[in-house]
Amino acid sequence: MNGDLFAGASGPEQIGPGSWLQHGAALDAAPALFAEVQHLTAAAPFRQMQTPGGSRMSVAMSNCGPFGWVTDRSGYRYAATDPLSGLPWPPLPPLFLQIAGAAAERAGYPGFVPDACLINRYAPGARMALHQDKDERDFTAPIVSLSLGLPVVFLFGGDQRSDPPARLLLSHGDVLVWGGPDRLRFHGVMPLKPGRHELLGEQRINLTFRKAR
DNA sequence: AAGTGGCT
DNA sequence: CACT
């Protein structure tokens with residue numbers, strides 16, 4: 001039935017020529033990571049941004065690091081300051097850099113130093129349509145995605161929107177890395193199923209580390 | 001256009 | 001797919 005829905009508790013799993021799903025890689029650090037998220041989003045609160053078409057995203061977002069991904073009616077871009085406050089985004093916590101760099105190295109991308117961390121909060125029902133990460137200047141750096149809280153079905157498509165996506169279950173503490181030949185693959189997430197996580201509560205938090213410039 | 005609605 |  002769901003033979004292509006990976007949920008194993010085993011080690012790193014290769015899901016593409018340049019992509020690895022590292023089950024539980026951030027499990028030990030999860031409480032500290034969540035505490036950092038709470039501090040960061042006290043300074044730069046979660047907000048539901050608008051797409052260029054005028055729709056409001058179901059996912060609430062914030063950022064930390066030198067650059068933050070933002071969207072409004074003008075389009076998608078990286079910005080050095082929070083549009084809500086006009087202030088720089090909070091700095092990337094050293095723990096974030098350490099975890100993201102280690103995950104990238106395990107996936108074959110040594111020396112990964114992200115300059116942008118997008119913090120996504122999924123409440124039940126929140127989803128992300130298939131898209132490509134292509135607002136970065138340099139596609140040689142990978143994408144590192146870290147999951148906290150409730151599990152969600154991740155859609156990992158191909159280089160064309162019409163390519164049928166694989167379905168991967170992303171759970172608390174999982175880290176997904178994609179780059180190289182997989183860097184521009186379409187991806188997204190199915191609507192978050194209601195539930196309660198013992199540490200995070202009724203939500204999923206995703207940290208996406210990127211090299212924007 | 002990382003969302004939505006409506007077509008076949 | 002077209003539109004926003």
Side-chain angles (χ1 to χ4, degrees), chain A residues 15-16 18-19 21 37 40-41 44-84 89 96 100 114-139 141-170 174-194 203-213:
Chain A
I15 58 172
S19 307
L21 175 48
V37 168
L40 292 164
T41 55
F46 285 115
R47 80 293 305 265
Q48 287 175 266
M49 301 183 188
Q50 283 188 341
T51 62
S55 300
R56 173 192 258 195
M57 298 188 76
S58 60
V59 178
M61 299 176 162
S62 184
N63 290 279
C64 62
F67 300 100
W69 187 85
V70 297
T71 175
D72 57 22
R73 274 154 300 205
S74 305
Y76 303 155
R77 63 190 174 278
Y78 282 93
T81 56
D82 181 348
L84 282 186
W89 298 104
F96 282 22
D115 59 12
C117 174
L118 177 61
I119 308 170
N120 290 153
R121 184 183 64 188
Y122 292 75
R127 47 159 272 158
M128 182 91 58
L130 280 181
H131 67 279
Q132 292 173 298
D133 289 12
K134 57 181 184 184
D135 300 316
E136 302 74 30
R137 286 183 181 172
D138 183 2
F139 295 148
I143 306 291
V144 174
S145 171
L146 191 159
S147 296
L148 298 171
L150 291 175
V152 76
V153 176
F154 182 82
L155 304 171
F156 199 49
D159 291 337
Q160 292 192 294
R161 188 181 289 275
S162 56
D163 295 333
R167 302 162 78 88
L168 309 170
L169 186 66
L170 298 186
D174 290 352
V175 182
L176 180 58
V177 182
W178 69 95
D182 296 324
R183 176 60 179 73
L184 291 175
R185 285 176 67 164
F186 278 87
H187 57 281
V189 303
M190 296 285 284
L192 187 72
K193 187 177 173 175
Q203 63 177 342
R204 168 180 186 259
I205 300 283
N206 175 71
L207 305 177
T208 305
F209 299 96
R210 305 188 181 98
K211 188 97 175 71
R213 331 185 92 129

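We use all heavy atoms of the structure for the numbers below, so side chains are in, but hydrogens, waters and symmetry mates are not. Sequence lines set the chain letters: A, B, ... in the order given, protein chains first and strands last, and positions in each chain run from 1.
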Search all heavy atoms of [X] against all heavy atoms of [Y] and return the closest pair with its distance.
X	Y	value
A:Val59	A:Tyr122	CG2-CE2, 3.3 Å
A:Thr41	A:Ser62	CG2-CB, 4.1 Å
A:Asp133	A:Phe139	O-CE2, 4.0 Å
A:Arg183	A:Glu136	NH2-OE1, 2.8 Å
A:Pro191	A:Gly125	CB-O, 3.8 Å

C1'-based separation of B:dG5 from B:dA1 [nearest Å]:
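It comes out at 15 Å once rounded to the nearest Å.
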Quick check with a 6.0 Å cut-off and a 45 degree axis cone: is A:Arg213 positioned over the face of A:Phe67's six-membered ring?
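Ring-cation test returns yes.
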Tell me the interatomic distance from [X], atom [atom1], to [N], atom [atom2], rounded to whole angstroms.
X	N	atom1	atom2	result
A:Arg185	B:dA2	CZ	P	17 Å
A:Gln132	B:dA1	CD	C1'	12 Å
A:Phe186	B:dA2	CZ	P	7 Å
A:Met49	B:dA1	CE	C1'	15 Å
A:Asn120	B:dA2	CG	C1'	9 Å
A:Gln48	B:dA2	CD	P	18 Å

Hey, which of A:Asp135, A:Val70, A:Leu118 is the one that makes side chain to side chain contact (heavy atoms under 4.5 Å, CB included) with A:Tyr78?
A:Asp135
Show each protein N/O and nucleotides 3-8 of chain B N/O combination with a separation under 3.5 Å, one pair to a line.
unit_1 : atom_1 : unit_2   : atom_2 : d
B:dG3  : OP2    : A:Ala129 : N      : 3.0

So what does A:Arg161 touch, heavy atoms closer than 4.0 Å: a base, only the sugar-phosphate, or nothing?
sugar-phosphate
Without swapping roles, check the side chain of A:Gln50 against the backbone of A:Arg73 for a donor-acceptor pair under 3.5 Å.
no
For DNA chain C, just give me the dot-bracket, please: Watson-Crick or G-U, both distances below 3.5 Å, ( ) intra-strand, [ ] crossing earlier pairs, | paired with another strand, . unpaired.
|||.
Mind checking whether A:Trp178 and A:Phe154 have parallel, tilted or perpendicular rings, split at 30° and 60°?
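Plane angle between 30° and 60°, so tilted.
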